[in-house]
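Below is one structure, written out as structure tokens, with a few remarks after it.
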Amino acid sequence: MAATDHPDKSARRSPGELESEILATLWAADSAITPADIQAELGGDLAYNTVHTILKRLYDKGMVIRDADGRRGAYRPTKNAAELTAEAMHQALDRGPDPIAALQQFVTGLSPAEEEALRLFLAEGDGSA
């Protein structure tokens, strides 16, 4: 595994940023990895206990599982990045007073490539219903 480049390791991370970095490290791994593996991948600027605490939080949220693949203390994500993003989008739509308006605003902000991918995806779905 190659170390992830971070522009300013001394800068304070925003809330959730460390969880995101740890999830990205887990998604990039071929199998379950240990907190020490994650610490090394993130450049070693975090204390082992910090990495372990974040993994515990992710575990409590159901976002990772531990002791996977027979490696004691190893972790892997329960969902891939696309699944997690889609789940967050569904939750955001469910929280709003007008999910259709929110979806319309979201779609109007898509890049041309994203819009084309959405059109193709929806067209594929038309034949299966």
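- For the atom pair CG of Leu58 and CG of Leu23, the computed distance is 5.0 Å after rounding to the nearest 0.5 Å.
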request  = Please test Leu55 against Tyr59 for side chain to side chain contact (heavy atoms under 4.5 Å, CB included), starting from the C-alpha separation and ending with a verdict.
outcome  = CA-CA 6 Å; Leu55 286 166; Tyr59 176 82; over 6 Å; no
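- Linking Ile, Leu, Val, Met, Phe, Trp and Tyr whenever their side-chain heavy atoms come within less than 4.5 Å puts Leu122 and Met89 in one cluster.
- In terms of heavy-atom proximity, His52 sits nearest to Pro35 at CD2-CG, 4.0 Å.
- In this view, Gln104 satisfies the side-chain hydrogen bond (donor to acceptor under 3.5 Å, both in side chains) rule with no residue, not counting sequence neighbours.
- Note that the CD1 atom of Ile22 and the CD atom of Glu41 stand 11.5 Å from one another [nearest 0.5 Å].
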inquiry  = Please evaluate residues Met63 and Arg57 with respect to the criterion side chain to side chain contact (heavy atoms under 4.5 Å, CB included), reporting the C-alpha separation (whole Å), side-chain torsions for both, the decisive distance (0.1 Å), and the verdict.
reply    = CA-CA 9 Å; Met63 299 172 75; Arg57 289 180 190 163; over 6 Å; no
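- Once rounded to the nearest 0.5 Å, the distance linking CG of Asn80 with CH2 of Trp27 reads 8.0 Å.
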request  = Step by step, work out the side chain to side chain contact (heavy atoms under 4.5 Å, CB included) result for Val64 and Arg76.
outcome  = CA-CA 5 Å; Val64 300; Arg76 65 181 170 92; over 6 Å; no
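- Side-chain contact of Ser111 with Glu114: a donor-acceptor pair under 3.5 Å is present, judged by distance alone.
- Legend: salt bridge (Lys or Arg N to Asp or Glu O under 4.0 Å) pairs involving residues 78-93, not counting sequence neighbours, sorted by first then second residue: Lys79-Glu87.
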request  = Quick one: do Leu18 and Leu46 satisfy side chain to side chain contact (heavy atoms under 4.5 Å, CB included)? Show the steps, please.
outcome  = CA-CA 10 Å; Leu18 186 52; Leu46 294 172; 3.3 Å; yes
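- In this structure, CD1 in Ile54 is found 11.0 Å from CG in Leu42, a value given to the nearest 0.5 Å.
- Residue pairs satisfying the salt bridge (Lys or Arg N to Asp or Glu O under 4.0 Å) criterion with at least one member in residues 94-111, sequence neighbours excluded, are absent.
- The OH atom of Tyr75 sits 5.0 Å away from the CZ atom of Arg66 when rounded to the nearest 0.5 Å.
- Rounding to the nearest 0.5 angstrom, the gap separating the CD1 atom in Ile33 from the CG atom in Leu26 is 5.0 Å.
- Thr85 contributes no side-chain N or O that, together with a main-chain N or O of Ala82, makes up a donor-acceptor pair within less than 3.5 Å.
- Side chain of Thr25 to backbone of Ile38: no donor-acceptor contact under 3.5 angstrom is found.
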